[in-house]
Amino acid sequence: VAGASEGLGAEFARQLAARGLNLLLIARRPAPLEKAAEELRATHGVEVRTGALDLASAELLSEIRALTDGIEVGMVVYNGAVSIIGPFLEQELSDMLRTIDVNCRGPVILAHELGRRMQDRGRGGIIIVSSLSAYQGVPLLSTYVASKAFDLVLGEGLWGELRASGVDVLAFAVGATRTPRYQASQPQKDPVSVMEVGPVVSQAFAALGRGPSAIPGRINRIASFVMRRLFPRRYAVQLMGSQLRSLYGQ
Ligand SMILES: NC(=O)c1ccc[n+]([C@@H]2O[C@H](COP(=O)([O-])OP(=O)(O)OC[C@H]3O[C@@H](n4cnc5c(N)ncnc54)[C@H](OP(=O)(O)O)[C@@H]3O)[C@@H](O)[C@H]2O)c1
């Protein structure tokens with residue numbers, strides 16, 4: 001699980017441990033990572049390794065190879081992301097390029113490296129966490145949402161490519177979910193639907209192997225249907241922008 005020490009990633013790890021899988025947890029900060037690992041070892045009796053690394057690292061491929069040397073990785077969850085809210089032109093270019101490194105380059109590296117090994121074994125699963133916002137442009141979140149559109153389309157394409165060799169891939173378009181990162185973004189109010197991490201992650205596992213992508217939560221699925229199929233695209237983009245401003249101000 002890449003991005004595993006808190007929020008959705010920690011819940012993915014918990015639900016995988018509850019199924020008896022041994023785990024490799026990745027995040028940047030060693031202390032929360034080790035704490036999450038210790039809890040899983042104690043509660044579920046599984047083996048848990050940790051890797052404190054930055055998914056933006058230029059050495060990501062070699063770091064992943066070193067961490068997974070000699071172990072069979074049956075399932076990858078690419079969860080960690082950079083999500084910076086604010087006017088595009090006022091952000092640092094380096095932060096936006098980092099968004100692309102973590103949210104786009106990272107999943108390509110992990111899916112390529114670990115997907116090859118899964119294909120050789122004829123089985124495996126890859127979940128790439130995308131976002132409900134990935135279906136259209138969103139003012140004030142342009143780079144993040146574009147990166148999540150990349151994740152959505154990457155996961156769907158890989159689903160079509162790898163399923164014949166026994167590897168299931170799912171692009172998972174998560175809506176607003178109560179995680180430490182969500183709370184830290186300090187929305188002035190909640191959007192119509194905010195889900196808890198448990199049901200979101202359960203729905204990812206239920207959807208894996210059943211189609212190229214999935215959206216957790218009925219309200220999120222209805223909202224997505226309306227935005228994609230009923231609204232003209234320019235209206236959908238403007239609506240997302242005004243919603244974001246009502247949540248976060250200018
Ligand atoms: N929460 C929501 O409302 C929401 C809505 C739509 C989509 N999503 C998607 O859901 C996923 C999870 O979101 P989240 O809210 O749980 O928060 P998140 O900040 O994306 O993920 C938190 C976890 O990822 C790790 N992480 C973050 N950046 C990392 C990096 N550069 N390298 C390695 N590890 C990193 C964090 O630990 P460290 O800080 O120690 O590295 C932490 O363990 C993301 O892909 C996000 O885009 C979330």
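Only this structure's heavy atoms are used, side chains among them; waters, hydrogens and symmetry mates stay out. Note that ligands are numbered from 1 as they come in the structure, with each ligand's atoms numbered from 1 the same way. Position 1 is the first residue of the sequence; numbering continues from there.
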[atom]: nearest protein contact (heavy atom, Å):
| atom | answer |
| --- | --- |
| atom 37 (O) of ligand 1 | S5 OG, 3.2 Å |
| atom 14 (P) of ligand 1 | T179 OG1, 3.7 Å |
| atom 35 (C) of ligand 1 | R28 NE, 3.9 Å |
| atom 40 (O) of ligand 1 | R29 NE, 2.8 Å |
| atom 20 (O) of ligand 1 | A81 N, 3.2 Å |
| atom 6 (C) of ligand 1 | V174 O, 3.1 Å |
| atom 31 (N) of ligand 1 | D54 OD1, 2.9 Å |

Consider every N or O of [X] and every N or O of ligand 1, then say whether any pair is closer than 3.5 Å.
| X | answer |
| --- | --- |
| S130 | no |
| L8 | yes |
| L132 | no |
| S131 | no |
| G80 | no |

Cluster overlap [X] with [Y], hydrophobic side-chain contacts below 4.5 Å:
| X | Y | result |
| --- | --- | --- |
| V73 | I109 | yes |
| V82 | F150 | yes |
| M75 | V200 | yes |

Keeping the roles fixed (side chain from [X], backbone from [Y]), state whether a donor-acceptor pair exists under 3.5 Å.
| X | Y | value |
| --- | --- | --- |
| Q91 | G86 | yes |
| S224 | N220 | no |
| N22 | E47 | yes |

Output, in order, the C-alpha distance, side-chain angles, deciding distance and verdict of side chain to side chain contact (heavy atoms under 4.5 Å, CB included) for V145 and M240. CA-CA 11 Å; V145 166; M240 290 299 286; over 6 Å; no

Measure across [X] and [Y] and return the closest heavy-atom pair with its distance rounded to 0.1 Å.
| X | Y | answer |
| --- | --- | --- |
| R65 | R117 | CA-NH2, 4.4 Å |
| L40 | A17 | CD2-CB, 4.0 Å |
| I215 | R221 | O-NH1, 2.8 Å |

Return yes when [X] approaches ligand 1 closer than 4.0 angstrom through a heavy atom, no otherwise.
| X | value |
| --- | --- |
| G175 | yes |
| Y144 | yes |
| P32 | no |

Checking contacts here: is it the side chain or the backbone of V102 that comes within 4.0 Å of ligand 1, counting heavy atoms only? Could be both or neither. side chain

Which bit of K148 is near ligand 1, meaning a heavy atom under 4.0 Å away: side chain, backbone, both or neither? side chain

Side chain to side chain, L110 and L60, heavy atoms closer than 4.5 Å: yes

Just to be sure I'm reading this right: ignoring hydrogens, which of [options] gets closest to [atom]? Compare them by their nearest heavy atoms.
| atom | options | value |
| --- | --- | --- |
| atom 34 (N) of ligand 1 | A4, S83, A27 | A27 |
| atom 2 (C) of ligand 1 | L55, T177, V77 | T177 |
| atom 25 (C) of ligand 1 | S57, G3, A184 | G3 |
| atom 44 (C) of ligand 1 | V129, N79, N103, V200 | N79 |
| atom 19 (O) of ligand 1 | M195, Q183, R181 | R181 |
| atom 33 (C) of ligand 1 | L25, L53, I26 | L53 |

For [X], the ligand 1 atoms whose distance to one of its heavy atoms is below 4.0 Å:
| X | result |
| --- | --- |
| A176 | 3 (O) |
| R98 | 31 (N) |
| G7 | 16 (O) |

Separation between OG of S83 and NZ of K148, rounded to the nearest 0.5 Å: 8.0 Å

Salt bridge K35-E6, side-chain N to carboxylate O under 4.0 Å: no

Classify the side-chain pair T179/T177 by whether it contains a donor and acceptor separated by less than 3.5 Å. no

Among R105, R28, E63, exactly one meets side chain to side chain donor-acceptor pair (under 3.5 Å) together with S57. Which residue is that? E63

